[in-house]
Amino acid sequence: MSIVLYNTLSARKEVFEPLQPDRVTMYVCGPTVYNLAHIGNARPVVVFDVLFRLLQTQYREVIYARNITDVDDKIIAAARDSGRSIEDVTAEFTNKYREDMAALNALPPTLEPHATHHIDGMIALTETLLAKGHAYVSEGHVLFAVESMPDYGRLSGRSLDDMLAGARVEVADYKRHPGDFVLWKPAAAEDPGWDSPWGRGRPGWHLECSAMIRAHLGETIDIHGGGRDLIFPHHENEIAQSRCAHGGDYVRYWMHNAYLDIDGEKMSKSLGNFRTVRELLAHYRGEVLRFALLSAHYRSPLNFSTDLLAQAEANLGGFYTALRGVQDVPVPESDDIDLSAEGFYCALEDDLNTPLAIAELHALAKQLHKAAEADKPRLKARLLAAGKLLGILQQEPEAWLQGGAAADDIAPEAIEALIAERQAAKQDRDFARADAIRQQLLDAGVELEDGREGTLWRRA
RNA sequence: GGCUCGGUGGCAGAGUGGUUAUGCAGCGGAUUGCAAAUCCGUCAACGCCGGUUCGAUUCCGACCCGAGCCUCCA
């Protein structure tokens with residue numbers, strides 16, 4: 001029973017072993033709080049939430065930190081454009097981010113450090129890098145000298161020569177090497193800034209993660225995650241800063257999720273297919289969005305479409321239908337489930353193979369439908385345990401099936417009344433009337449299921 | 001141009017050197033007053049060309065196509 005993770009650094013799957021036997025440290029790059037989170041932002045949150053849940057089944061202590069970037073050019077611009085204060089903007093979008101991620105059943109991280117609370121640490125880190133000859137001051141900026149680090153570029157698999165060859169951006173003339181990046185930059189008088197040995201300024205983008213990891217998790221952490229696009233330059237530069245300042249390994253397992261597309265196209269503002277989580281939540285329940293995000297492996301591109309969401313909805317409906325069938329079956333203590341023997345668990349242990357895990361849920365649901373009464377409690381417990389690990393299936397089945405997008409169309413009381421009327425019609429063998437009611441409800445988005453113990457209904 | 005990753009049945013999406021992925025959709029059947037749900041059965045795939053092999057979708061090479069990164073970006 002061991003977790004295997006794909007490590008970007010080695011470009012292969014590795015058996016996961018934390019630095020300390022019963023304690024895991026994990027850091028995931030969080031949002032820059034200047035606008036609403038989009039569905040692409042939600043992918044790493046959901047993926048690493050599953051990892052967080054998985055790790056907690058094996059390790060006594062799992063410290064999961066996800067930062068809030070609350071100082072950044074885009075924030076300054078957003079505040080200026082809306083005539084609001086920086087604090088006002090960052091507070092609003094920090095809160096909305098938390099709400100949106102909670103709606104996706106993402107557990108709150110253990111720690112949520114804010115960049116602006118760690119300016120001292122960033123200045124100290126910069127001073128260390130200067131003292132060790134890895135950084136230099138130029139025209140008010142402090143820059144990291146990439147040539148001072150022999151294996152710079154290892155994470156992203158590129159050399160300084162490659163980068164020179166591929167340079168397509170004009171190089172600022174205060175840089176010694178085009179790859180040098182800003183640790184500290186001067187702040188305009190009207191912009192937020194902090195006093196430093198190099199004048200009033202603010203930190204470069206990469207610095208905060210290095211400083212906050214050092215402050216909260218130590219010099220070497222087990223897992224660092226984020227989107228693929230962060231491999232270079234962000235994570236490469238974090239490595240450079242932290243390893244040159246502190247030595248050691250910095251991060252033992254680097255994990256990166258692939259992008260998602262919208263209807264086959266890259267999501268972008270210019271294409272007009274930018275989908276915020278908040279907007280999607282108006283049409284789909286968070287659990288549906290979450291399931292859709294988990295329906296492909298995290299390292300594969302995922303095409304986010306209405307079709308995908310419909311499939312997610314259908315899959316979840318199927319699981320909840322299976323659970324509804326055993327609503328009154330008591331669940332034994334979930335603690336006595338041997339996870340290591342469970343297919344869904346082994347699937348997740350293998351680099352978070354969520355599609356395979358979901359296939360195992362289908363197998364469990366099928367068994368549950370066919371099970372003898374005596375076997376149902378155990379199967380129900382196993383299905384619920386699997387759902388819990390994925391962050392789904394924890395609602396009351398009846399509530400789930402009767403909720404959904406069409407929930408405003410017709411009230412439950414009206415549905416129940418029509419069902420009663422139809423029941424009476426059936427007693428009188430007035431099937432024409434009974435079928436008319438069925439059709440009427442179907443038109444309102446409600447499907448009826450006649451069973452031995454009465455009629456159940458669900459939103460279609 | 002440099003670096004990296006992919007191309008699986010109608011769709012989504014795992015996986016494997018030789019045996020059913022799974023789900024949705026379709027088709028046939030059971031069940032139902034009719035349905036739904038459920039069950040049983042069924043159809044169908046591994047970009048192209050070579051190579052290695054007793055055997056390749058799986059390994060190797062070329063090619064075609066697609067995606068990402070190259071200092072805004074999950």
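In what follows, every chain begins at residue 1, and chains take the letters A, B, ... in the order their sequences are listed.
For rA21(B) and rG47(B), the P atoms lie 15 Å apart once the distance is rounded to whole Å. For the C1' atom pair drawn from rC39(B) and rU31(B), the interatomic distance equals 9 Å after rounding to whole Å.
RNA chain B contains the following stems of three or more consecutive Watson-Crick or G-U pairs, with both distances under 3.5 Å: B:1-7 with B:64-70, B:10-12 with B:22-24, B:26-30 with B:38-42, B:49-51 with B:59-61.
Screening R299(A), H235(A), R228(A) for a side chain to side chain donor-acceptor pair (under 3.5 Å) with H256(A), the sole residue that qualifies is H235(A).
Residue T8(A) has no polar side-chain atom (N or O) positioned under 4.0 Å from OP1 or OP2 of rU4(B). Regarding contacts with the backbone of rC73(B), a side-chain N or O of W205(A) is found under 4.0 angstrom from either OP1 or OP2.
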Discussion item. What does the B/S/- profile of nucleotides 39-44 of chain B look like, 5' to 3', with a 4.0 Å heavy-atom cutoff to protein?
Written reply: SS----
Worksheet entry | nucleotides 28-33 of chain B: protein proximity per nucleotide (B base, S sugar-phosphate only, - neither; heavy atom, under 4.0 Å) | -----B
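Here A296(A) lies in heavy-atom contact (under 4.0 Å) with sugar-phosphate atoms only. Here I231(A) lies out of heavy-atom contact (under 4.0 Å) with every strand. When heavy atoms are screened at a 4.0 angstrom cut-off, G226(A) is found touching the sugar-phosphate backbone but no base atom.
Where A359(A) and N303(A) meet RNA chain B, the nucleotide closest to each residue was compared, and N303(A) sits on the side nearer the 5' end. When the nearest nucleotides of RNA chain B are assigned to K74(A) and H362(A) by heavy-atom distance, the more 5′-ward of the two goes with H362(A).
Although no hydrogens or angles enter the test, the distance criterion places a donor-acceptor pair under 3.5 Å between the side chain of R290(A) and the main chain of L390(A).
Taking a 6.0 Å sphere around CD of E396(A), one finds it holds 12 or fewer heavy atoms contributed by other residues, nucleotides or ligands.
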